[in-house]
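Structure record follows, encoded as structure tokens.
Remember, it's a predicted structure, so these values are computed and weren't measured experimentally. Starting from 1, each residue takes its place in the sequence as its number.
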Amino acid sequence: RQQARSSLRLPAAALLLPAGCSVRAQNDTEPIVLEGKCLVVCDSSPSADGAITSSLGISVRSGSAKVAFSATRSTNHEPSEMSNRTMTIYFDQVLVNIGNHFDLASSIFVAPRKGIYSFSFHVVKVYNRQTIQVSLMQNGYPVISAFAGDQDVTREAASNGVLLLMEREDKVHLKLERGNLMGGWKYSTFSGFLVFPL
């Protein structure tokens, strides 16, 4: 039977070892030599971003660090009375909202922690001959845009996606820069999720 050996500078009190594993150390300042396949670290504490950092310096993401949302529109065309001033695209149904960081009333996503986030959107213009342009806004500034302007197509869609580095409390929403969106039948969607925290 093969045995794994590793050397760790840890106090012996920080380890829980099942039967069959041996530990050799003369005092707390010498390396602990482990023989066998088992090592469980019990001295851990949660960090601010939802991770668990052990006494080994290993960071393990907990389930509370999961963030994802997806929303859709099923009501009338944009711009609505609500969005006439800011031209924010409002969504009226949430399909997924893990962590509850997407606010349906304002249709704004607020980052719960610093990290890399993925966002995508898909919107459909109304039946008339016009151009629509939609921007994904981060803290009030456009990051990416998409447009649909084919004069011969009545149900044309505009889509885009991006990875963003976001700080805690950064905000993201969609803005209708020009044109009118098709409202019903859930044609327009807005989704995002945390790829990994930093």
Side-chain angles (χ1 to χ4, degrees), residues 47-51 59 61 64-126 128-151 153-198:
S47 64
D49 67 354
S59 182
R61 301 294 164 191
S64 63
K66 295 178 181 178
V67 178
F69 78 92
S70 188
T72 185
R73 282 181 49 78
S74 62
T75 57
N76 57 358
H77 301 170
E78 287 281 16
S80 64
E81 290 182 7
M82 288 179 64
S83 62
N84 274 336
R85 287 185 299 168
T86 64
M87 299 306 287
T88 298
I89 298 175
Y90 287 92
F91 295 85
D92 55 23
Q93 184 178 3
V94 171
L95 304 176
V96 172
N97 198 6
I98 307 300
N100 294 313
H101 301 292
F102 180 77
D103 179 62
L104 189 62
S106 65
S107 292
I108 293 174
F109 171 79
V110 181
R113 59 182 58 83
K114 181 178 180 179
I116 301 297
Y117 292 79
S118 174
F119 296 98
S120 62
F121 63 88
H122 179 90
V123 295
V124 176
K125 71 176 187 178
V126 296
N128 52 11
R129 295 171 177 261
Q130 65 168 290
T131 297
I132 62 167
Q133 180 180 348
V134 173
S135 294
L136 185 139
M137 312 291 288
Q138 181 179 9
N139 298 328
Y141 296 95
V143 178
I144 58 171
S145 294
F147 73 94
D150 192 330
Q151 298 298 304
V153 178
T154 57
R155 295 184 181 180
E156 192 178 10
S159 301
N160 210 339
V162 69
L163 291 176
L164 291 180
L165 170 60
M166 298 183 70
E167 300 289 337
R168 186 174 182 273
E169 301 296 331
D170 276 3
K171 295 177 174 61
V172 167
H173 73 279
L174 296 183
K175 180 180 180 182
L176 183 62
E177 303 280 9
R178 61 185 294 195
N180 292 275
L181 298 186
M182 183 72 181
W185 296 101
K186 304 179 183 180
Y187 291 130
S188 299
T189 60
F190 181 30
S191 303
F193 61 91
L194 172 63
V195 180
F196 53 84
L198 294 174

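At least one side-chain heavy atom of K114 sits under 4.5 Å from a side-chain heavy atom of L165. Side-chain atoms of T88 and Y90, non-hydrogen and from C-beta on, do get closer than 4.5 Å to each other. For the pair V123 and L176, the minimum side-chain heavy-atom distance is 4.5 Å or more. Inter-residue side-chain proximity for T86 and H173 is flagged as unmet; no heavy-atom pair is nearer than 4.5 Å. By the 4.5 Å heavy-atom criterion applied to side chains, T72 and L95 are counted as neighbours. Using a 4.5 Å heavy-atom threshold, the side chains of L194 and Y117 count as touching.
In terms of modelled atom types and a separation under 3.5 Å, the side chain of N139 and the main chain of D170 share no donor-acceptor contact.
Nearest heavy-atom pair across V67 and P112 is CG2-CG, 3.7 Å. Of all heavy-atom pairs spanning A111 and M166, the tightest one is CB-CE, 3.9 Å. Across all their heavy atoms, I132 and A158 have their closest contact at CD1-CB, 4.3 Å. Heavy-atom minimum distance, R73 versus F91: CG-CD2, 3.5 Å. Between K171 and I108, the shortest heavy-atom distance links the atoms CB-CG2, 3.8 Å. Closest approach of Q93 to L104, counting heavy atoms only: N-CD1, 3.8 Å.
Ring pair F109/F119: centre-to-centre distance below 6.0 Å.
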Inset, instruction - Tell me, with the steps shown, if L136 and L174 meet side-chain contact (heavy atoms from CB on, under 4.5 Å). - result: CA-CA 5 Å; L136 185 139; L174 296 183; 4.1 Å; yes
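Atom CZ of F102 and atom OG of S70 lie 9.0 Å apart (nearest 0.5 Å). Within the model, atoms CE of M87 and CE of M137 stand 11.5 Å from one another, a figure rounded to the nearest 0.5 Å. Note: F147 CZ to R178 CZ = 9.5 Å, rounded to the nearest 0.5 Å. A distance of 7.0 Å separates CD1 of I144 from CG of L164, quoted to the nearest 0.5 Å.
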